[in-house]
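What follows is a set of notes on a single structure, which appears directly below.
Letters go in sequence order (proteins before strands), and every chain restarts at 1. A quick note: this is a predicted structure, and the numbers were derived from the prediction, not measured.
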Amino acid sequence: MEIDQRNTPPGGKKREELKQIIVVLIGLPGSGKSTFCEEVAKISNRPWVRVCQDAINNGKSGTKIMCLSVAAAALEYGKSVLIDRCNIDKEQRADFLKLGGSETEKHAVVLDLPNSLCISRSVKRSGHEGKLQGGRAAQVVNHMAPKKELPKLSEGFNRIMFCYNEKDVKEAIKLYGSLSLCDSLPFGCFGQKSVDSMVQVGIRSFFKKQDTSGNAKSVPEDSGNQGAEAGSHTAGDALEKKGKHDKVDVTISISGSTASCSIPTLAFPSISTADFQFDLEKASDIIVEQVEEYIGRIGEAKLVMVDLSHGSKILSLVKTKAAKKNIDSNKFSTFVGDITQLRSCGGLSCNVIANPTNWEIKPGGGGVNAAVFKAAGFVLEVATKERAEKLAAGECVVVPLPSSSPWFGAEGVTHVIHVLGPNMNPKRPNCLKDDYTKGCKILREAYSSLFEGFASIVKPYGNKDQNGKRAAAYVPENNKKTKDSSSSLSKSGVNNRNQDEQGSNTKTWNPWAQALHKIAMSPDSHKDIVLEVSDHVVVIKDSYPKAQQHLLVIARCHGLDSLADVSGEDIPLMKEMHDVGLKWAEKLILENNSLEFRLGYHSIPSMRQLHLHVISQDFDSTHLKNKKHWLSFNTPFFLDSVNVVKQLEEAGELRLGNESFFDGVLRCHRCLSVNPNMPKLKNHLRSCKDPLTFLIQNGYLISSEGKYSR
DNA sequence: GTTCTAGAAC
DNA sequence: GTTCTAGAAC
């Protein structure tokens, strides 16, 4: 035992000023418990006492009773205590939790490192206090490992922190080492991989302390927090409000606020403006801009922005800016209330709830995230895990809420959309510092992604109005689990933006793939790159042209992401796109009569929103870099516009190419010679002057030599 | 879709 | 040693 004598004995210091903590280390031999204690003691200003069973008996191994006795004495002396023994099951830990008074905080730090690592460390070490090293150590670890029982809050811990690797351990050391005499840490479970006890209590008092204590030291980043946005809405708040604050303010009138859930409604809090400290003015601009963009796309569905606090600045800013833009208050409103109890306490039926989560999409961190996971129950964690393991900033995942969730019955919630916003808080992971260029971009993506997710739930199902646009119609929630097997599915399985749970055209679109879609939906916001805009199409120059001239004719119709969405009824639109492309090709040929053009579509585009390529056949461009670039324009993966229209007219459907064409050889489109690699092909293309016989014969080429027929 | 880069190919 | 590809990350 090592007693720190820096502190005064009982009576010498007022006990009220201290926050005494018992930290029960839990871990196999070799998991790093002793190192943890030594490191914490080394960097800490707090008087820690390490109670180590391996050395408690005059440097030799002692008993549990001895540990309890020494720990009790240390607490009497106003110290905080680190219990350095394995404590692998509930029974071994129970007596330590009885020590100290009601003011003493009981923490567990679980060093759940891989058994193999513990064995390897134990075997290799020398001079171990308990003489557990060499071959015997491996035996002991193997014997002990199956008996390991992870701690739960219900055992009596205020806080449990799980560490699974050295990085986690380092963070925990930093956290505990930086606690001064009066500091405390948020209560609850932090960092647990799989849980059955992940409940966070008392975090409200932690945030209150942060606000009110003038000398409170900022608490270091919590590994269990994982960047979760705390917000003004805490789990504690949610608990306290229950049964107390039934009254809520509707800051903009909501038509039919007590309406049945037949009108789909998304309730969303402000993303990133709470714990992630995003600038409120900038955030409110983005919220209103995104609401304006999406409000016309969700049919009769509604958006409601929710904040727990009266006098919320962000709510007020959004409300004012939305009013200035004349956004229909029947479609978009703000609401003061508890997002977890909108129907029961606020009379507001919202079937979809947005949750500003952390990158691991896990409970914790306080704020809305903690409250949502708590209210929706463990089934939400399970349902979430089936859909996604993690999120990148700007992404979201739509999770149908199982009917077994208490939220489903009590609040009528059918879906939760987890969304991760940008973090500007240096105390949280992945801080953007003051880079608001990036921050605004990500926040815009986050809202766009969220609203796309909502739109996918109230998805349009094929109905088109007279403008050719698909009218949104609410389809009752569908809990059918569908797994997207499309090649574009991100590795994490995250559904970005457009989650379509119906039909064979299911495809998810990453944030980077949304650029054309955004241009098509709001060409006015992209005037610098738009060459032409009409009711049905937008023409732009490809940002990364693969030839001297490379334009895109983008359809403006909702619900037409790619050729996979096209059917016979789209023939007029396809013809219009072709005519516009032809017009531009002819215009460019007038400027340079050596150009030859081909018009066509990629069978499986990378970018969302149906677009026609108008590309000159020189393929002279620095942006033509890899095999896929070439093959996507020079194999049947590229479908000529005339042929697409013809197929639609004759068969009513399309035969699309697939990505197997990307395995092909690099054949010159003129002389048909095969080239070993891209640099050599590009070099060859500069000198090959053979005619494009195949294209001419099929009527696919537009050149000064002859007219193109449709 | 692009960029970056490790490692394969030359 | 340089060139090129392919996969990861965005």
Side-chain angles (χ1 to χ4, degrees), chain A residues 227 359-360 388-397 419-423 429-432 435 437-446 448-449 452 486-498 507-520 526 529 538 540-547 550-555 561-564 600-615 619 621-635 637-638 657 659-667 674-685:
Chain A
W359 69 274
E360 285 189 313
E389 292 286 335
K390 58 185 178 180
L391 284 179
E395 288 182 344
C396 82
V397 57
V419 57
L420 181 62
N423 171 38
N430 304 317
C431 173
L432 295 174
D435 186 356
T437 308
K438 203 168 180 183
C440 287
K441 181 172 172 279
I442 295 174
L443 189 64
R444 198 168 278 118
E445 283 174 4
S448 171
S449 185
E452 283 288 346
S486 112
S487 59
S488 68
L489 182 67
S490 62
K491 293 216 164 14
S492 63
V494 173
N495 292 315
N496 298 309
R497 304 175 182 238
N498 185 16
K507 171 148 179 154
T508 56
W509 299 92
N510 282 314
W512 50 258
Q514 303 282 347
L516 302 184
H517 173 74
K518 290 184 173 193
I519 293 166
H526 302 85
I529 54 166
V538 179
I540 62 164
K541 276 194 177 186
D542 193 300
S543 302
Y544 298 91
K546 305 299 183 293
H550 186 181
L551 308 186
L552 302 177
V553 181
I554 311 169
D561 288 348
S562 71
L563 280 186
Y601 300 87
H602 283 152
S603 293
I604 306 165
S606 297
M607 305 294 284
R608 180 184 180 191
Q609 198 66 22
L610 182 68
H611 55 281
L612 172 72
H613 291 269
V614 179
I615 184 165
F619 292 103
S621 166
T622 54
H623 296 292
L624 184 80
K625 290 177 176 171
N626 60 45
K627 203 172 171 183
K628 186 176 176 182
H629 289 157
W630 176 256
L631 296 173
S632 70
F633 287 102
N634 290 283
T635 63
F637 185 84
F638 187 83
E659 290 179 341
S660 65
F661 289 114
F662 299 151
D663 297 330
V665 293
L666 298 172
R667 194 181 290 280
V674 174
N675 292 265
N677 56 44
M678 280 304 290
K680 289 196 167 61
L681 170 69
K682 291 185 73 173
N683 198 39
H684 167 80
L685 293 176

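- Summarising the geometry, the separation between CG on A:Asn626 and P on B:dT3 is reported as 11 Å, rounded to the nearest angstrom.
- With distances taken from any side-chain atom of A:His629 to the nucleotides B:dT2, C:dT5, B:dG1, the minimum falls on B:dT2.
- Residues A:Val614 and A:Val553 come closest through the heavy atom pair CG2-CG2, 4.0 Å.
- Taking atom CG on A:Leu631 and atom C1' on B:dG1, their separation rounds to 16 Å, with Å as the unit.
- Straight-line distance from the CD atom of A:Glu659 to the C1' atom of C:dA6: 14 Å, rounded to whole Å.
- Rounded to whole Å, atom P of B:dT2 lies 14 Å from atom CG of A:Asn510.
- Centroid-to-centroid, the aromatic rings of A:Phe633 and A:His550 come within less than 6.0 Å.
- Of the possible donor and acceptor atoms, none in the side chain of A:Lys438 sits under 3.5 Å from a partner among the backbone N and O of A:Pro422.
- Among the nucleotides B:dT3, C:dT5, B:dG1, the one closest to the side chain of A:Asn677 is C:dT5.
- Spacing between atom CE of A:Met678 and atom P of C:dA6 amounts to 11 Å, rounded to whole angstrom units.
- A:Lys546 comes within 4.0 angstrom of the backbone, heavy atoms only, and of no base.
- Out of C:dT5, C:dA6, B:dT3, the shortest distance to the side chain of A:Lys627 is found at C:dA6.
- The NZ-P distance, from A:Lys682 to C:dT3, rounds to 15 Å in whole Å.
- With its ring centre under 5.5 Å from that of the base six-membered ring and a plane angle below 30°, A:Trp512 counts as stacked on B:dG1.
- Rounded to whole Å, the distance from CD1 on A:Ile529 to P on B:dG1 is 17 Å.
- With contacts defined as side-chain heavy-atom distances shorter than 4.5 Å, the pair A:His517/A:Glu452 qualifies.
- Side-chain contact between A:Phe619 and A:Asn634 is present, with at least one heavy-atom pair separated by less than 4.5 Å.
- Here C:dG7 presents its P atom at 14 Å from CZ of A:Phe662, a figure rounded to the nearest Å.
- Using a 4.0 Å heavy-atom distance criterion, A:Lys628 is classed as a sugar-phosphate-only contact.
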